[in-house]
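A quick write-up on the structure given underneath.
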Amino acid sequence: MEKLILIDGNSIIYRAFFSMPPLTNSSGLHTNAVYGFTNMLLRLIQEERPTHMLVAFDAGKVTFRHEGYQEYKGGRDKTPSELSEQFPLMRELLESFGIAWFELAGYEADDIIGTLTKRAEEAGQEVLVVTGDKDMLQVVSDRVKVALTRKGVSEVEPYDPQQIEEKYGLKPLQIIDLKGLMGDTSDNIPGVPGIGEKTALKLLHQFGSVEEVLAHTDELKGKMKENLVNHADDARMSKQLATIFREVPVERSWEEMKFDGIQEESAVPMLRKLEFKSLLERMSFAGGGNAAGEAAPAEQVEIEVTMVTQDNLSELIADLSNIEGIIVESYGDNPHQATMMGMALSTASRHYYLPFDVLQEEYAAEARAWLADEHVPKRGYDLHRVDLVLFWQGIAFAGAEHDVQLAAYLLDPTESDQTLSGLAAKYHLSPVPGDDEVYGKGAKFKVPEPEELSRHLARKADALLRILPLQRQDLAKYEMERLFYDLEMPLSRILADMEKQGVAVNKEALKELGVEFEAQISKLVTRIYEIAGQEFNINSTKQLGEILFDKLGLPVIKKTKTGYSTDAEVLEKLAPYHEIVQFILEYRQLAKLQSTYVEGLLKEISPKTGKVHTYFRQTIAATGRLSSQYPNLQNIPIRLEEGRKIRKVFVPSEEGWFILAADYSQIELRVLAHISGDPGLQEAFLHDMDIHTKTAMDVFGVGPDQVDANMRRSAKAVNFGIVYGISDYGLSQNLNITRKEAARFIDQYFDAFQGVRRYMDDIVKEAKRDGYVKTLLERRRYLPEINASNFNLRSFAERTAMNTPIQGSAADIIKLAMVRMDEELYKHGLKSRMLLQVHDELVFEVPPEELEIMSKLVPETMGKALELSVPLKAEVSSGLNWYEAK
DNA sequence: GTCACTACA
DNA sequence: TACACTGTAGTGACA
């Protein structure tokens, strides 16, 4: 089936220009309109898969329409030079893509398109017209659809005759009559005064056309009749102006409009010249990408698997040196408690399925030795989890070289589907069924029979082998090889070691804390019921809201989607009104400690080791941070004393040892000082000043002695805001001030730290141009919504653009420090163990004789993890438990 | 499963 | 315009 796409070049380029933020390439050329246009082109090509294309442009200022009406298109503002310089670029780009374009003096793009649709229609071809001009709807027919742009040019709304009927109650040709009556201010077409869209539609529904309306003015009355009679000629002329001329001598044959997919050899240099990096990557010619004519994903093929038994184990053993990929399947969310289902081992030509009960046998020692050999490089999926699952089964795993899940995370940390099934689809490989499909989910989960399980794992292994080279290419292309092979892969082993080690918990002390909390909680509950005059579930926000707002009549400060808000912020404001509020706040605090930190933690203590073994997830946070689960040891209370006590139960696992903790001081602001190059901020850190006091001095223009506690507090909030991608609203909420005051603060901050202002402006521009931002170690995060027309989406992406390089670079640095620290412990033959990472803090357990060296070695290693233009500082302390190591 | 809430950096 | 500062995990209520 042949399909022609015709594009009104002028209409689209104008819309693209006004809907996109200004954008220039490094030589100062304006490119925003071309960018928007190209973006739309790519989408059209991908979604519509046209066989023929042509872009029509207006040529010259004067058209045949001016002959009859001098004022046609009068009153328009002059085209800005930033836009007019983009027309030649756009034509050049079309040529480089292999897309035909056409213009002819005296005619508008509309007329050229009208002519070509007529010809194509007569030849029985299917046509899609893309424009921002509603007039074009007049050419719609069964074969010709018109897509009108919405929201700039990012979305289009296609119309066929039925849709025009539904929306206007008109036939396509009546669109001309509509315009004749209502006119068009943008083209300076007068129409009839006093008649807008509504009236015009009413008249047309009644009479059908301009001529018929004018012939029946006697049936009308009032001002409308008068206007129609007096402006009958205007109406006729307006209709004529709005009529698309469909007999333009267009010298383009059907063959000349043929589109054979984007021509890579010429398109790539053009996109490079324009510096459209994100588009270049999106098209990814090598991987098939979006170019037309792309092959459909291959069909799922049958896969042969060798089931390994005692009898044929020797075949596998002989083939071990050829194994290229490993899939170890297990179920259960917590890898420390997961159950292994089976293992697939694959060479380029053969898949083996090795059941766990075979692997366990005495006679499979060679296979186990192979798994444990760190000199045998292993490629697989989620090897961090594999390591843990095998470990708890008593099987050692080492030598992870390429983890496909981890690589996928680096290539796009926000991709929610990291499964092999999803990756196979992304790389256009033969489809791999999802795990849920094969195993069922929730209550329906079932381990399948060995035949089905082995086939599924082999399919995954097959996809794995095909994905590996593609990921290597991608990692090289994005200069992420060091990040992957020298940082994240080594770190994944270190994390597994930390998790296996676990952290010892003083169970008795924890239970005692629980008893203490329980006593306080029950007192509070009694008191709250007394004051409320009834019993209710304080944990239920619904019931609590009813008591506070309906029964006690307290003022409603804030509402949630589903009812009254009762969060801490609201309760703080309500505290002066009623004594019950304070008790509820205290109850909430203690209930959280009891349920999450006492009861929750007790449940996570391993009966085998008496420790908690958290699971650090390396592929979750979009910024590159780690996350921690089962239990989360990255959110153990510290701010309030009651909660901080929880830290007393985290103790060394050996008699007489110590807990040592070291945390980076202001790592994020130091990173900001480095990447922004702001002299004031750099100076502060070079002299190791109190950064919030220094900020207060510069923002308020006072000396160090004049900074009071309140000024410092404000400065601190501004510093936090800066790191998060500041907004006046966010700061105003934080400091409980008006938005205006907050905006003034921010302005003063940027006046004092102009390098920071420049960084924030530049990084947002960069994100808009490239579609992603990067950290110091080339970690990247895509921000597809950075050019969205929706204010919220766009603002969120802009703040993310500001925050991610900061938070992400800080994550890079502490990860580097962990890898270095692991090396140092090994090099010095130390018995000390790294236990935890809490974003800017590392926690160790240390034997007494190493306390001295570790107190020096840890902050030193952290301090020189990465050299910045300002010093990195880490502070260390130690004690008998985590509470004391503060 | 989603929401509201709260804990951390 | 609308409506809002980064990144996470866990719990209890309620559908």
Side-chain angles (χ1 to χ4, degrees), chain A residues 333 413-414 441-442 536-545 558-571 584-585 587-601 603-604 614-617 620-640 642-644 646-647 663-668 672 717-735 739 742-743 746 760 773 781 789-808 810-811 814 836-841:
Chain A
D333 291 332
T414 50
K441 62 175 177 183
F536 65 100
N537 186 344
I538 311 171
N539 290 327
S540 161
T541 46
K542 191 162 165 254
Q543 293 181 37
L544 178 61
K558 196 166 68 172
K559 294 197 114 188
T560 66
K561 273 181 266 184
T562 47
Y564 304 119
S565 171
T566 66
D567 66 20
E569 199 192 318
V570 168
L571 295 184
I584 289 165
L585 279 165
Y587 169 86
R588 280 252 177 98
Q589 189 202 327
L590 287 159
K592 172 83 178 177
L593 293 175
Q594 186 72 312
S595 67
T596 305
Y597 297 105
V598 176
E599 290 162 5
L601 211 50
K603 276 187 232 156
E604 293 293 344
T614 191
Y615 174 44
F616 286 110
R617 301 191 65 184
I620 298 298
T623 53
R625 277 190 177 179
L626 300 175
S627 79
S628 157
Q629 280 183 320
Y630 318 126
N632 180 354
L633 294 183
Q634 291 183 321
N635 71 346
I636 302 301
I638 189 166
R639 269 188 26 246
L640 302 172
E642 276 306 280
R644 194 171 195 155
I646 299 282
R647 294 189 170 223
D663 67 303
Y664 277 114
S665 158
Q666 302 297 347
I667 188 169
E668 292 186 332
L672 176 62
V718 173
N719 277 331
F720 269 97
I722 290 294
V723 168
Y724 292 157
I726 200 149
S727 78
D728 48 12
Y729 180 82
L731 185 65
S732 73
Q733 287 295 293
N734 211 302
L735 284 176
R739 226 181 65 190
I746 294 169
M760 296 294 173
V773 290
R781 176 172 182 181
S789 52
N790 179 306
F791 176 88
N792 287 322
L793 292 179
R794 190 176 63 246
S795 302
F796 185 60
E798 287 172 357
R799 290 194 297 273
T800 311
M802 299 186 240
N803 170 262
T804 295
I806 301 174
Q807 191 184 119
I814 193 162
L836 297 173
Q837 187 250 50
V838 192
H839 309 309
D840 66 353
E841 173 187 18

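Proteins get letters first, then strands, A, B, ... in listed order; numbering begins at 1 in each. Owing to the predicted nature of the structure, the values given are computational and were not obtained by experimental measurement.
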(request) Can you tell me the distance, in whole Å, between the OH atom of A:Tyr664 and the C1' atom of B:dC8? (result) 19 Å

(request) Let me know which of A:Ile806, A:Leu672, A:Asp840 forms a side chain to side chain contact (heavy atoms under 4.5 Å, CB included) with A:Ile667. (result) A:Asp840

(request) Starting from the C-alpha separation in whole Å, work towards a yes-or-no answer on side-chain contact (heavy atoms from CB on, under 4.5 Å) for A:Ile620 and A:Leu626. (result) CA-CA 7 Å; A:Ile620 298 298; A:Leu626 300 175; over 6 Å; no

(request) Report the distance from atom CG of A:Leu836 to atom C1' of B:dC8, rounded to the nearest whole Å. (result) 13 Å

(request) From the options C:dA4, C:dG7, C:dA13, select the nucleotide whose nearest atom is closest to the side chain of A:Asn792. (result) C:dA4

(request) Give a yes or no answer on whether the side chain of A:Thr614 reaches the backbone of A:Tyr630 with a donor-acceptor pair at less than 3.5 Å. (result) no

(request) Give the nucleotide from the list B:dA4, C:dG10, C:dT6 with an atom nearest to the side chain of A:Asn803. (result) C:dT6

Would you be so kind as to tabulate the donor-acceptor pairs closer than 3.5 Å made by side chains of residues 719-729 of chain A, with sequence neighbours excluded?
| from | atom 1 | to | atom 2 | distance (Å) |
| --- | --- | --- | --- | --- |
| A:Asn719 | ND2 | A:His692 | ND1 | 3.0 |
| A:Asn719 | ND2 | A:Thr695 | OG1 | 3.0 |
| A:Ser727 | OG | A:Gly730 | N | 3.0 |

(message) Judged by each residue's nearest nucleotide on DNA chain C, which is more toward the 5′ side, A:Thr623 or A:Pro631?
(response) A:Thr623

(message) Of the options C:dT6, C:dG12, B:dT6, whose atoms approach the side-chain atoms of A:Lys592 most closely?
(response) B:dT6

(request) Please answer whether the main-chain N or O of A:Ile636 pairs with a side-chain N or O of A:Arg647 as donor and acceptor at a distance below 3.5 Å. (result) yes

(request) Tell whether A:Arg739 reaches the base of C:dA4 with its side chain through a donor-acceptor pair below 3.5 angstrom. (result) yes

(request) Verify the contact: side-chain N or O of A:Asn539 to OP1 or OP2 of C:dA13, cut-off strictly under 4.0 Å; return yes or no. (result) yes

(request) Select base, sugar-phosphate, or nothing to describe what A:Asn537 touches, counting heavy atoms under 4.0 Å on all strands. (result) sugar-phosphate

(message) Among C:dT11, C:dT8, C:dC14, which nucleotide has an atom closest to any side-chain atom of A:Ser595?
(response) C:dT11

(message) Minimum heavy-atom separation for A:Ala742 and A:Ser732, please, with both atom names.
(response) CB-N, 3.7 Å

(request) Return the value, rounded to whole Å, for the distance between atom OH of A:Tyr724 and atom P of C:dA4. (result) 18 Å

(request) Could you tell me whether A:Ser628 contacts a base, only the sugar-phosphate backbone, or nothing, with contacts defined as non-hydrogen atoms closer than 4.0 Å? (result) sugar-phosphate

(message) Among B:dC8, B:dT6, C:dG10, which nucleotide has an atom closest to any side-chain atom of A:Ile638?
(response) B:dC8

(request) Look at the side-chain N and O atoms of A:Thr596 and state whether any lies under 4.0 Å from the OP1 or OP2 oxygen of C:dA9. (result) no

(request) Measure from CG on A:Asn635 to P on C:dT11 and round the result to the nearest Å. (result) 10 Å

(message) Once you apply a heavy-atom cut-off of 4.0 Å, does A:Val838 come out as touching a base, just sugar-phosphate, or nothing?
(response) sugar-phosphate

(message) Among residues at least two apart in sequence or on other chains, which ones pass side chain to side chain donor-acceptor pair (under 3.5 Å) with A:Tyr564?
(response) A:Asp550

(request) Round to a whole Å and report the spacing from CZ of A:Phe616 to P of B:dA9. (result) 14 Å

(message) Any donor-acceptor pair, under 3.5 Å, between the side chain of A:Gln634 and the base of C:dT8, if you only look at N and O atoms?
(response) no

(message) Check this for me: does the side-chain of A:Asn632 come within 3.5 Å of the base of C:dA9 through a donor and an acceptor?
(response) no

(message) Roughly how many Å apart are B:dA4 and C:dC3, using the P atom of each and rounding to a whole number?
(response) 16 Å

(message) Can you confirm whether A:Leu633 sits close enough to A:Glu604 that some side-chain heavy atom of one is under 4.5 Å from a side-chain heavy atom of the other?
(response) no

(request) For A:Ile636, report the nucleic acid contact type (base, sugar-phosphate, nothing); a contact means any heavy atom under 4.0 Å. (result) sugar-phosphate

(request) Please determine if a side-chain N or O atom of A:Arg625 lies less than 4.0 Å away from the OP1 or OP2 oxygen of B:dC8. (result) no

(message) Rounded to the nearest 0.5 Å, what separates atom CZ in A:Arg781 from atom OG1 in A:Thr800?
(response) 5.0 Å

(message) Need one value for A:Ala810: base, sugar-phosphate or nothing, where a base atom within 4.0 Å counts as base even if backbone is also close, heavy atoms only.
(response) nothing

(message) Counting only side-chain nitrogens and oxygens, does A:Thr562 get under 4.0 Å of the OP1 or OP2 atom of C:dC14?
(response) no

(message) So, OP1 or OP2 of B:dC5: does either fall under 4.0 Å of a side-chain N or O from A:Arg588?
(response) no

(message) Under 4.0 Å, heavy atoms only, any strand: does A:Ala568 hit a base, just the sugar-phosphate, or nothing?
(response) sugar-phosphate

(request) Nearest whole angstrom, please: distance from the P of C:dG7 to the CD of A:Gln807. (result) 7 Å

(message) Please determine whether a side-chain nitrogen or oxygen atom of A:Arg639 lies at a distance below 4.0 Å from atom OP1 or OP2 of B:dA7.
(response) no

(request) Would you classify A:Phe720 as touching base, sugar-phosphate or nothing, given that sugar-phosphate means primed atoms plus P, OP1 and OP2, and contacts are heavy atoms under 4.0 Å? (result) nothing

(request) Between B:dC5 and C:dA2, how far apart are the P atoms? Round to whole Å, please. (result) 25 Å

(request) Please state how far atom CD in A:Gln666 lies from atom C1' in B:dA9, giving the value in whole angstrom units. (result) 12 Å

(message) For the residue pair A:Gln634 / A:Ser628, report whether a side-chain donor-acceptor contact shorter than 3.5 Å exists.
(response) no

(request) Output yes when at least one side-chain N/O atom of A:Thr541 is less than 4.0 Å from OP1 or OP2 of C:dA13, else no. (result) no

(message) Under 4.0 Å, heavy atoms only, any strand: does A:Leu626 hit a base, just the sugar-phosphate, or nothing?
(response) nothing

(message) Please pick, from B:dC8, C:dG10, C:dG7, the nucleotide with the shortest atom-to-atom distance to any side-chain atom of A:Pro637.
(response) B:dC8

(request) Report the nucleotide, chosen from C:dG7, C:dC14, B:dC5, that has the shortest atom-to-atom distance to any side-chain atom of A:Ser565. (result) B:dC5

(request) Please tell me which of the listed nucleotides, C:dG7, C:dA4, B:dC5, lies nearest to the side chain of A:Thr566? (result) B:dC5

(message) So, applying salt bridge (charged side-chain N to carboxylate O under 4.0 Å, His left out) with A:Asp567, which one of A:Lys559, A:Lys558, A:Arg588 is it?
(response) A:Lys558

(message) Quick check for you: among C:dT8, C:dC14, B:dC3, whose closest atom lies nearest to any side-chain atom of A:Lys561?
(response) B:dC3

(message) When the P atoms of C:dT1 and B:dT6 are compared, how many Å lie between them, rounded to an integer?
(response) 32 Å

(message) Identify the stems formed by DNA chain C, where each pair is Watson-Crick or G-U wobble with both distances under 3.5 angstrom and a stem is at least 3 consecutive pairs.
(response) B:1-9 with C:6-14

(message) Between P on C:dG7 and CZ on A:Arg781, what's the gap in Å once rounded to a whole number?
(response) 5 Å

